[in-house]
Every structure is written in C-alpha cells, then in structure tokens.
Amino acid sequence: MNEKKVYFLLFLVSLSVFIIALSTFINADFFSDDYSYFELLQAKNIANTGFPDYNNVLVVASNRFVFMPLYEYLLGAVFAFFGSVFSLKVLQALILALIPIGVFRLSYELRGEHFPALLSAMIGAFVPVIWQLSSNSLSKIPLIIVLMLFSTEFYLKSLANKKFLGLFYVFFIILSLTSNVSILFVCALVFSIFLSSIDNKKINSTEIELLSFCFAVSIFVVIITYGGQISNIGTKVIWLNTPSPVLSLEYQDFNLAQLIYSLGIFPMIYGSYSIYLLTMAQESKKRDYVIMSFVLMGLFLLWLKMVSWKIGFSILGIYLAVQFTDFFISLRSSINKSKIARFKQHIYYVAIVFFVIGSLVPSLFYVRSSLDKFADQNLLSAMVFLKEKSEDGQAVAIHPSESHLFQYISSRRVVIDSNYIALVSPEDRYFGLKKIFTENFETNAREILDELGVSYVFLTLATRKDYNITELAYAKGSPYFEIIYDDGDNLIYKYDRSSE
Amino acid sequence: MIYMEFENVSVGKKKNYFLIAIALIVLLNSFLIFQTQGNSIISGFDKKIVMQDDLPNPVLSKFSSFISLVSNMDVGWLLVFLLSNIFILLFYFAISNYSDSNVAFFSSIVLIFSPTHLFFNSSFNLIFLLELIIVLIFLLFSFKNKILVSIGFFLLICASFLNPVFFIVLAILTIFSIWRKEEFRKTKLFFLLIFALCVIAYYIIFGGIKGQLPDYPMHSLLDFLFEFSLIFGVILISIILAVVNFFIGSYKDNQKKIIALFLMGFAMIFFSLYYVSFLNIVTSALCGATICFIVFRKWEILTVKVTTFFIIMLLIVYSCAQLFYFLSIAPPSFDVLSELRNMNEAGVDFSRVISHPLYEVYIREISQNKGFYEIGSSQYLSRDFKDILSYWNQSAKFDSETLQNLNNFFYSRSIDKTLNAGKFLEVDYVLITNEMRNGLTWEKKEEGLLFVIRNKEVFERLIDDENITLIKINYDGINSED
C-alpha cells in the first residue's frame with residue numbers, strides 16, 4: 001500500500017472517530033458522567049476569572065482543592081473564545097481524533113512501516129475502555145493518552161537525534177501539568193532502562209539524562225501541586241484521599257474478564273504474544289523495551305492499585321495497540337516463511353474480524369450506552385426547583401454521583417462530591433451521607449444533618465437504587481421534615497431545625 | 001553498577017573556593033537556624049529532652065543532666081548557634097576527607113536545608129549532641145593519622161553506652177576493617193564480640209534499644225518522610241537521590257561503608273523515629289554526592305543538566321520553606337504559651353492538669369506542675385487525640401483501664417462517666433485550648449467533654465478566654481447539688 005493511501009486511510013480513521021464522538025455529543029442532552037460538569041464549572045470559572053476554582057466552596061466544610069489544571073485551562077480558553085459548551089464538545093472530539101494519529105506516529109517510529117502502523121492506529125482508535133470513559137464526556141483521559149503517545153515518540157526520536165529534544169520537553173511538561181500520570185511515564189522509562197541493562201544493552205548517556213529530567217519535572221510538579229495536601233493526608237494522597245469503600249468498589253472489577261472486555265480480546269492476545277516474542281527474542285531493540293515497559297508498568301501499578309483503573313486500562317489499551325505493529329510484522333514474516341503463505345490474505349481477513357468483534361463492536365456499544373441518560377429532564381426540573389427554593393450557601397444531601405451536576409445547575413453546597421482530596425476525613429463524610437439516606441431514627445439523622453449543616457435531602461432515582469430506599473424512614477410524621485417536591489422519581493425533603 | 005567519570009573543576013583557585021564555600025555554609029546555616037529560634041514547637045522539644053530525668057540508661061541520664069544544666073543558662077541560644085555551625089563544619093570536613101570538597105559542599109547545603117537538621121539542631125537537646133558526637137567521630141575516622149583515628153575509636157567505644165547507634169557504627173567500621181585487612185583479624189573479631197556482649201547486656205539491663213530515645217507514633221513505613229505529615233523527617237527527593245548514589249559510587253572505597261550506615265539509619269527508625277536525625281546525616285551525604293555528580297558530570301544535553309539541577313535544588317529549598325510554614329501555623333500558639341506563663345506567675349496551685357499530650361511539656365515546664373502523661377510534645381504535633389489513644393493502645397503505653405478512662409474523660413457526654421474517669425485518673429484540672437476544640441481533640445462543637453463542661457458548678461472555669469480555658473473539677477459539685 002502506498003504512502004498516500006495510508007495517510008488518506010489514517011485521515012479517514014481519525015475523521016470517523018471525530019464524527020462518532022461529535023455525533024454522540026450532539027445526540028445527548030446530558031454528558032454521560034457527573035465529572036464532566038465539574039470540568040464545565042472549572043472551564044467557566046477560568047473563562048470568567050482566569051483561574052480555576054480551587055476553593056471548593058460548593059462542598060460542606062471543604063479544604064482548598066488541588067488538581068493539575070492544564071486540561072481545565074484548555075477548556076476554559078476555548079470556552080472564553082467561542083462562548084459555548086458545544087465548542088468544548090468539538091474540542092473533546094478533536095482530541096479523541098488525535099489518538100489514532102498518535103498511535104500511527106509512534107508505531108511508525110518503532111518499525112518504520114506504514115501499513116502495520118495504520119492497522120495499529122485503527123486498533124488504537126477503537127480501544128473499548130477509552131470510549132467507555134470518554135464518549136460523551138469531558139474527560140481528560142484522551143488528552144493524557146495523546147500526550148503520552150507524543151512524549152514517547154519524541155523520547156525515542158530524541159535518543160537518536162537531539163533536534164527532537166525541544167518537542168519532547170514541551171510534550172512531557174504539558175503531560176506533567178495535565179496529570180500525575182507523568183509518574184507512570186517515569187516509572188516506565190526506569191523499567192525500560194532496567195530491561196535494557198539486564199539484556200546487556202549499553203545504557204546511552206542521553207537515556208539517563210532524559211530520565212533525570214523527566215523524574216525531576218514530574219516529582220517537582222507533583223510536590224508543588226500536592227505538597228500542602230501531602231502534609232495533611234499523608235500517603236493517602238496517592239489515592240487522592242478516596243475513601244476505602246469507593247476505592248474497593250472501583251477496583252472490584254479488576255480481573256482478567258474485565259480486562260479482556262475493556263481492552264478487547266484481540267489486543268490482549270497479540271499483546272501477550274508480542275511480549276512473549278520480545279522476551280524470547282535473541283536480539284531485541286531497546287525501543288521495544290520502552291513500549292513493553294509501558295504495558296508491564298501499567299499492569300504492575302494497576303495490580304498495586306497505585307494508578308486509577310481508568311488511566312491504567314486506557315494506557316494498557318493504547319500501548320497494546322502500538323504493540324500490534326510488532327506483532328503484525330512478526331506474524332507476516334512467519335506466514336511468509338510457512339506453507340500457508342498463499343492463504344495470508346485470508347489470515348488478514350480473520351484478523352480484521354477479530355478487530356471488529358473484539359474492539360470495534362465493544363467500542364460502539366460503549367458509544368451507544370453513553371447516550372443512555374445519566375440524567376433526565378425530571379431530575380433537571382427537580383434541581384432547578386431546589387435552586388429556586390433554597391438560598392445561597394445552604395447545603396443539600398444528594399447522591400455523590402450527581403453532586404457535580406447539581407452544583408453546576410444550582411450552585412448550592414453538597415455534602416460530598418468526587419473530589420475527596422479536599423476533605424479532611426472523606427470516609428466519615430461518605431458514611432455520614434449514607435446514614436442520612438438510610439438511618440431509621442430521627443435523632444441520629446438530625447445529629448448528622450446538624451453537624452453538616454444540611455437543609456435539604458434530595459432523593460433521586462440513583463439514590464433510591466443505590467441505597468435501596470424509597471423514602472426517608474425517619475422523616476415519616478416528623479415535624480422537622482417536609483416533602484417539598486415529589487414527581488414520582490425525585491423526592492426533596494426540607495429539614496427545618498426550628499420546628500418543635 | 002553504572003559508573004560514570006567525574007569531570008572535576010579546576011583546582012587552581014581551590015583555596016579561594018574553599019573559603020567561599022565555608023563562609024556560605026556558615027552564613028546559610030546561621031540564617032536558617034536564626035529563623036527557627038523562638039518557635040514554640042522547637043523550644044518545646046528542647047524542654048522535653050531537657051526534662052528527660054527518668055532515662056533508664058545511667059550514662060545517658062548523666063549526659064541529659066549536663067544538657068539540662070547548660071540549657072538553663074542564659075547563653076543557651078549562643079551555644080546553639082556555635083554548636084550548630086561547628087556541627088555543619090565538622091560534617092563538611094568529614095565528607096571532604098571521605099570524598100572531595102565539591103561533594104562536601106553540596107552535601108552540607110542539603111543538610112542545612114533539611115527539615116530534620118533545622119528542627120533538631122536549632123536548640124540545645126540530646127539528639128543534637130548525639131549527632132554532634134557522631135559527626136565528630138566520622139571526622140576523626142576520616143583522617144589518616146593513627147592518633148586521631150584512635151581517639152575516634154576510643155570516643156566511639158565510650159559513646160556506645162550513650163546510644164546503641166554508636167555501637168552499630170563501631171560494629172560496621174570494625175567489620176569493614178576486618179574484611180579488608182587480614183592483620184589481627186581474629187583478635188579484632190574477638191574483642192568486638194566481647195564488647196558486643198557487654199553492650200548488649202548493658203542495654204538489656206537499662207531499657208533495651210527501644211527505651212534509649214523517646215517513642216514516636218509511626219503509622220506506616222513512609223511516616224519517616226518529611227512530606228508525609230511530619231514536622232521533621234527526611235525529604236523524599238533526598239532519599240531518592242541517596243539511593244541513586246548507591247550506583248554512582250561517589251565515595252569510592254568508603255561507598256559500601258556509607259551504604260551500610262544508610263541502611264543502619266533506616267533500620268533504626270523502627271526503634272524510634274528520632275533516629276531519623278542520623279539517617280538524615282547519611283542521606284544528606286549521599287544526596288549531596290549525587291547532586292555533585294549531576295553538576296560535574298559531562299552532560300550530552302546541557303539544558304537537561306541545568307533544568308534537572310535547578311528543579312532538584314528547588315525541591316530541597318521548597319521542603320525547607322514548607323517546614324517554616326508548618327512552624328508558623330503549628331500549635332501551641334504563642335498566646336497559649338503566654339497564658340500558661342501567666343498562670344505560673346499568678347501562683348495558681350494545681351496538682352494535676354490534663355490536656356492534649358502536646359501541651360504536657362508546657363504544663364510541666366512553664367507552669368512548674370507535675371504533668372499527667374510524663375511524655376513529650378513534639379511527636380504529638382497535629383495528631384488527633386483519638387489517633388494517639390489508638391497508638392497507645394497498640395503500643396501498650398498505658399494499661400487498658402487507664403486508656404478506657406482517658407477515652408471516657410475526653411469523649412463521654414455523661415457527667416458521671418467523666419467524673420468517674422477523672423477520679424480514676426486523679427485529675428483536678430483540665431486545660432482546653434482553641435486548637436483542641438478545632439480538631440486536635442474534638443471535631444464537633446459539643447463533643448464529649450465540651451458538652452459536659454457546660455455544668456459550671458462541677459467544672460469551674462478559672463480562666464476562660466479566646467485562647468484557653470482552664471477548668472477546676474469539683475468532684476463534690478454533683479453531691480452538693482443533690
């Protein structure tokens with residue numbers, strides 16, 4: 001296949017990703033996850049004031065909140081320029097469309113062949129877990145993936161030619177300012193150097209220097225960003241102070257079946273096979289170890305629960321897609337040498353069927369499911385009602401998975417949202433909220449409501465389902481609680497402290 | 001081992017550089033030590049160590065009495081400045097002898113900026129004196145003159161009875177010496193074993209290894225890092241760079257010795273977190289050597305070298321800045337201290353005062369009272385009282401009945417339970433500070449004792465202002481009401 005044709009096909013792959021992503025955004029009334037509304041709030045804040053909202057005033061008794069703000073600045077800049085949420089959706093679709101290009105460039109850098117790189121780009125474009133997390137969502141994961149791919153590419157290029165150093169610095173610094181995943185990048189580089197050294201490869205001085213640079217930059221950014229929090233919450237900062245029940249829920253699905261489903265059966269098979277080939281090969285290139293290190297380090301950190309499964313799975317999926325180039329070339333050479341060479345066209349068709357079943361279909365399934373309403377018009381009306389009914393600064397007990405949407409719509413304070421790092425004892429808060437919804441005795445419930453200063457209790461469909469309740473048991477016949485809104489799905493209680 | 005050549009700077013103007021380096025080190029150290037002076041936490045730590053009059057180790061007890069005597073003299077602060085600079089100069093010369101002056105310079109800079117150095121070495125206390133002795137011993141051992149080495153050896157033998165860390169240093173140095181030279185191998189080994197038996201017997205009789213320095217609540221392995229909620233500790237970047245130096249080998253012949261000392265320091269923190277001060281000395285030596293390696297190594301990419309060096313130095317200075325920030329916000333505040341002093345001057349006579357353990361040292365020292373816990377303060381900085389109780393429960397610091405009564409006293413909302421606990425604990429007064437109300441002991445407004453003390457007949461408020469509340473417990477209050 002000639003070069004022009006490959007680039008044209010790559011363009012088509014990117015375009016299809018862009019169209020799928022954008023059409024999902026257009027067809028949905030709401031984002032598919034609650035955190036998108038946090039990003040939206042931050043983007044608007046940056047557009048208005050020039051700074052993210054670090055004070056976290058919309059959560060009861062919260063400390064200053066910290067995060068790496070580069071993605072939010074990007075959203076804020078686009079929002080300030082175009083002034084519409086749609087522009088943010090276009091930007092997100094564009095970032096998603098950059099993923100196959102990043103995969104193609106890195107794969108081409110590794111082997112210097114266009115066609116296998118194009119196939120890798122196709123697989124990279126449809127990694128199920130990335131669509132699961134990013135479809136119809138303002139998630140920073142696609143940007144992290146793109147930055148990691150470009151950083152890896154320019155790292156490899158810099159080892160051979162120093163004129164790419166500048167680009168490597170730029171991409172790595174942007175990555176460090178976007179997410180603390182830069183630590184994983186450094187760990188992968190250390191691991192690749194370790195693998196090279198045990199394979200008796202000469203360690204290039206530039207490798208050590210670039211590693212020192214990456215290490216210093218990432219540690220610096222992490223300590224400067226989280227320094228204040230580290231002294232408050234200690235080692236819990238690694239898990240961003242996430243309460244243990246939430247953490248256990250997050251990792252309970254981390255097993256082989258989930259891994260295969262999220263990454264696709266095809267990448268799992270060829271990924272494992274190419275790692276096997278690399279370890280058994282007589283002569284492996286150092287750059288192969290770099291890609292392998294990302295895969296193994298991703299798995300290792302996932303196993304240690306040191307990296308969020310969202311990031312861990314996405315990185316695994318994308319580097320396995322890059323690994324496909326290697327697998328394809330070794331498979332092609334094996335087939336060419338064997339007697340089944342005359343069937344090789346058929347073997348490619350089988351591979352495409354595998355790709356369609358293992359990657360494309362699950363990805364499209366996730367795209368489809370992202371259109372299922374995370375929120376509906378009823379919920380929105382209830383939230384708007386509560387906004388009008390309540391006063392500024394009043395606190396509302398609402399399910400954590402709907403907190404950011406509620407903050408976005410009503411600008412009222414909630415008991416807990418997903419930014420646990422800003423809370424002194426998120427576990428107490430988590431169980432406190434659970435008690436507000438499930439407590440049987442009025443005195444106990446009131447004690448918590450008083451302690452947290454909650455004025456309204458908001459029962460949504462998600463709350464009822466998660467906590468297995470239909471109403472507040474303790475509110476029945478109590479003079480302190482009054483139902484002020486009930487549309488069948490949503491129920492809002494007003495807590496009146498002064499009633500006797 | 002990755003070995004890369006050093007590219008040493010020109011030694012033409014070595015003498016000038018030496019003087020500039022010394023001047024810079026002394027100035028920087030004096031400036032930073034001066035900044036820590038008068039801080040309540042550090043002075044509290046100082047007093048706490050001075051008050052260690054019940055040490056099980058008789059040699060250490062005598063040594064502590066001497067420190068107490070000197071500390072009470074008005075010239076104490078001048079002595080601290082002098083000794084702190086002597087300490088840093090001894091460290092500089094020792095490292096200079098073991099490696100070279102460039103490594104010594106960078107190691108000294110790392111040590112000066114380290115929170116542990118600024119915390120321990122800015123007041124006249126036991127740990128500082130032990131550190132001073134160990135650095136002096138390292139210096140004496142770094143010379144080639146046999147008399148000086150013998151003096152160092154003699155000092156180390158004597159100091160072995162002060163703290164087990166000296167004996168371990170002695171053992172490490174002797175084992176390396178035996179390893180290298182076959183001369184008198186058996187005799188040396190024989191004497192080491194005999195001496196080891198004596199030292200072990202000595203420490204078994206007088207408090208064990210764990211009893212030689214105050215206890216410190218350590219929750220996880222990473223607790224010794226300054227970044228993870230400690231007021232002192234080793235900087236994360238220093239530890240990483242120190243480990244990197246294992247592979248660089250800046251100390252040539254002494255590399256294995258210094259790695260052994262590093263591992264020893266690391267192991268000792270399991271006995272008491274105060275041993276972090278020794279670990280910090282070795283870490284600074286190794287970290288400084290790595291920074292020196294970064295500076296003088298021939299880099300292929302100059303921008304990477306400059307950026308890396310700049311960022312590492314920034315991280316080290318940042319930790320120092322963070323320490324000063326902690327010190328500025330750390331309880332107890334100066335207002336509380338001045339109230340305590342006023343109590344003392346007013347001659348309020350109270351036999352037993354209970355408060356958060358953080359204030360114990362001030363209650364005992366400033367108000368000249370007998371304290372309840374008879375334990376120190378700095379280790380309880382910013383620790384929730386519930387955490388401390390759970391730590392004591394694990395470490396069997398108090399018996400379970402005392403712990404139960406402590407818990408009842410502070411957290412029960414029943415006046416009977418509180419009074420019974422108070423009687424059991426033989427407590428007559430309660431000191432409550434703002435910091436205790438705001439999370440140090442209680443999180444809620446009317447939690448436990450805060451609810452109970454609303455009964456003003458039983459809990460008579462002797463002092464009640466915006467900073468502190470001093471309450472006298474009238475155990476007959478309830479009976480008289482009846």
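Lettering of chains follows the sequences in order, A, B, ..., and the numbering in each one begins at 1. Small disclaimer: the values here were computed from a predicted structure and weren't measured.
Rounded to the nearest 0.5 angstrom, B:W299 CH2 and A:S212 OG are separated by 4.0 Å. Summarising the geometry, atom CD1 belonging to A:I223 is positioned 11.0 Å from atom CG belonging to B:L314; distances are rounded to the nearest 0.5 Å.
Around the NZ atom of A:K435, the shell of radius 6.0 Å holds no more than 12 heavy atoms that belong to other residues, nucleotides or ligands. Around CD of A:E427, the count of heavy atoms belonging to other residues, nucleotides or ligands within 6.0 Å exceeds 12. Heavy-atom contacts from other residues, nucleotides or ligands closer than 6.0 Å to NZ of B:K417 number 12 or fewer. By the 6.0 Å contact criterion, OH on B:Y318 is enclosed, its count of non-hydrogen atoms from other residues, nucleotides or ligands being greater than 12. Annotation: B:F324, atom CZ; neighbour count of heavy atoms from other residues, nucleotides and ligands within 6.0 Å is above 12.
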Could you give me the CA-CA distance, side-chain angles and deciding distance for B:R297 and A:E209, then say whether side chain to side chain contact (heavy atoms under 4.5 Å, CB included) is met?
-> CA-CA 11 Å; B:R297 187 180 162 270; A:E209 288 170 16; 3.0 Å; yes

Residue pair B:T308, A:F220: steps toward the side chain to side chain contact (heavy atoms under 4.5 Å, CB included) verdict | CA-CA 10 Å; B:T308 309; A:F220 178 75; over 6 Å; no

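Residue A:V217 touches chain B through both its backbone and its side chain, counting heavy-atom pairs closer than 4.5 Å. Neither the backbone nor the side chain of A:Y226 comes within contact range of chain B; no heavy atoms are under 4.5 Å apart. With a 4.5 angstrom heavy-atom cutoff, B:I294 does not touch chain A via any of its atoms.
Taking 4.5 Å as the limit, every side-chain heavy atom of A:L165 sits out of range of all side-chain heavy atoms of B:T303. Using a 4.5 Å heavy-atom threshold, the side chains of A:Y169 and B:I301 count as touching.
The closest donor-acceptor contact from the side chain of B:E300 to the backbone of A:S205 lies at 3.5 Å or more, if one exists at all.
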